[in-house]
There are 2 protein chains.
Amino acid sequence: MVKNPERKAQTKSNLMDSFWTLYKKHSIEDISVIKITELAGYNRSTFYEYFMDVYDLLNQIESNLVEKLKLEMIKNLSNPAATDIVDRMAAFFEENGEYLSVLLGSKGDPAFVNKLKALIKPLLMKAMCLSETEFDNQILFEFSLGGMLSALSYWYSNGKLISSGEYATIMRSLLMKGSLGVAREKMGVICLNP
Amino acid sequence: MVKNPERKAQTKSNLMDSFWTLYKKHSIEDISVIKITELAGYNRSTFYEYFMDVYDLLNQIESNLVEKLKLEMIKNLSNPAATDIVDRMAAFFEENGEYLSVLLGSKGDPAFVNKLKALIKPLLMKAMCLSETEFDNQILFEFSLGGMLSALSYWYSNGKLISSGEYATIMRSLLMKGSLGVAREKMGVICLNP
DNA sequence: AATTATTATGCAACACATTGTTGGATATTT
DNA sequence: AAATATCCAACAATGTGTTGCATAATAATT
């Protein structure tokens, strides 16, 4: 029974914030429960009232993000004028980039990208009428999503040198013409493969 | 001074093998020095004669792989008949898949994919005469390499349902026609985006 | 409204596991 | 037989997860 909900929510939020402050700079194996609670100003054992361990905390942050993206995607896919799904993904990344860029980065969680793919893939395949059981389609989506997430991460982490709209334009042409198509268009010819 | 080189090499190799046996099944935070040395049949402190810590061991495995790929790539790029660079990458993944699929997977190392990209990107950009300083080109390569590595990982981890040659054919068409191009070709029309 | 009873929230302290290091035993080469 | 490379036992320090208790906030009673 929760007697003081605001206080409990506040404590949990404080612990999560302290964790994130550390996680932005250090990889998870360097983050001890002590460091989190010291930074947040609690006793170490208080941590265990809210989380099983540090990985549980991280998972809760990830689940919150995935849930948020799910709602966003369902909203956008139900909208028939969905040609700009790439824009919406870029916009979502921009809004939540502080978290996503860390989780998808060098010190991030390799399982997180799979959680994202597992959410996005079936929704998008259904919307595009592509069979989920067919192997070629799976490869196609692994390639496209893997590429998009890599590029999004690079874009965000390198100071967002272009707007999310411009970014989406590049993505669309990559998806429609292929990387080699875009490169060829740009150079006239590709040295390697004439 | 190394007095007994074979023995030392053997011990190091035993420790690395034991680590890898554990790493295939468990994520790195669950792997203690004790578990490695127990499995390999050494005292725990022997470990520290060879490695700084568990992460140092992992890094040495990664460095070995990166070095191997580097030699392979330089060999292939110097060869003028390099239209089949995608085949060679698929073949390399197949040969070293036991390691690569784990490192690139859910319990793998998120830093490893960046090590690979940092190696491949400049070599390939040079070969294709694309400026490394231009932002658009960076995004293009992040997308392509991120996509390829995702797809390779999926292909290998799901039982290699097709040959590496067939896989390379799919990759080539994705790179040349784009994901949407391939999907459109396949379906006639895409529901979402007519 | 004032006081007591209840219990949610946070903490101190315990037993245990893991880490990284130091100095010494033993086995192999010279 | 001498030298020392290789491996190991034991130590101090740090982190983990749990148990039982203090206190402060709500609920119940008068």
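In what follows, every chain begins at residue 1, and chains take the letters A, B, ... in the order their sequences are listed. Atoms considered below: every heavy atom in the structure, side chains included; atoms not considered: hydrogens, waters and symmetry mates. In this text the structure is predicted, and so the values were computed from the model without any measurement.
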Side chain of [X] - closest among [options]:
| X | options | value |
| --- | --- | --- |
| B/E49 | D/dC8, C/dC11, C/dG20 | D/dC8 |
| B/S45 | D/dC7, D/dT6, D/dC8 | D/dC8 |
| A/N43 | D/dC11, C/dC11, D/dT26 | C/dC11 |

Rounded distance (Å) that lies between atom [atom2] of [N] and atom [atom1] of [X]:
| X | N | atom1 | atom2 | result |
| --- | --- | --- | --- | --- |
| B/I36 | C/dT19 | CD1 | P | 8 Å |
| B/N4 | D/dC7 | CG | C1' | 12 Å |
| B/L57 | C/dG20 | CG | P | 13 Å |
| B/Q10 | C/dT28 | CD | C1' | 17 Å |
| A/E29 | D/dG15 | CD | P | 15 Å |
| B/D56 | C/dT19 | CG | C1' | 15 Å |
| A/I31 | D/dT16 | CD1 | C1' | 16 Å |
| A/R44 | D/dT14 | CZ | C1' | 10 Å |

For residues B/E132 and B/K126, determine if any side-chain heavy atom of one lies less than 4.5 Å from a side-chain heavy atom of the other. yes
Quick one: are B/M89 and B/I120 in side-chain contact, heavy atoms under 4.5 Å? yes
Residue whose nearest DNA chain D nucleotide is more 5′ - A/D53 or B/T11: B/T11
5'-most contact on DNA chain D (nearest-nucleotide basis), A/E6 vs B/Y42, goes to B/Y42
Going by atom types only, do A/Y99 and A/N64 share a side-chain donor-acceptor pair under 3.5 Å? no
Could you tell me how the ring of A/F19 sits relative to the ring of A/Y23: parallel (under 30°), tilted (30 to 60°) or perpendicular (over 60°)? parallel
For the residue pair B/Y167 and B/W155, does the interplanar ring angle fall in the parallel (under 30°), tilted (30 to 60°) or perpendicular (over 60°) class? parallel
Over all strands shown, is [X] touching base, sugar-phosphate only, or nothing at heavy-atom distances under 4.0 angstrom?
| X | answer |
| --- | --- |
| B/R7 | sugar-phosphate |
| B/S32 | sugar-phosphate |
| A/F51 | nothing |

OP1 or OP2 of C/dG10 under 4.0 Å from side-chain N/O of A/Y50: yes
Are B/K8 and D/dT6 close enough that a side-chain N or O sits under 4.0 Å from OP1 or OP2? yes
DNA chain C: 5'-proximal contact among B/V54 and A/P5 (nearest heavy atom): A/P5
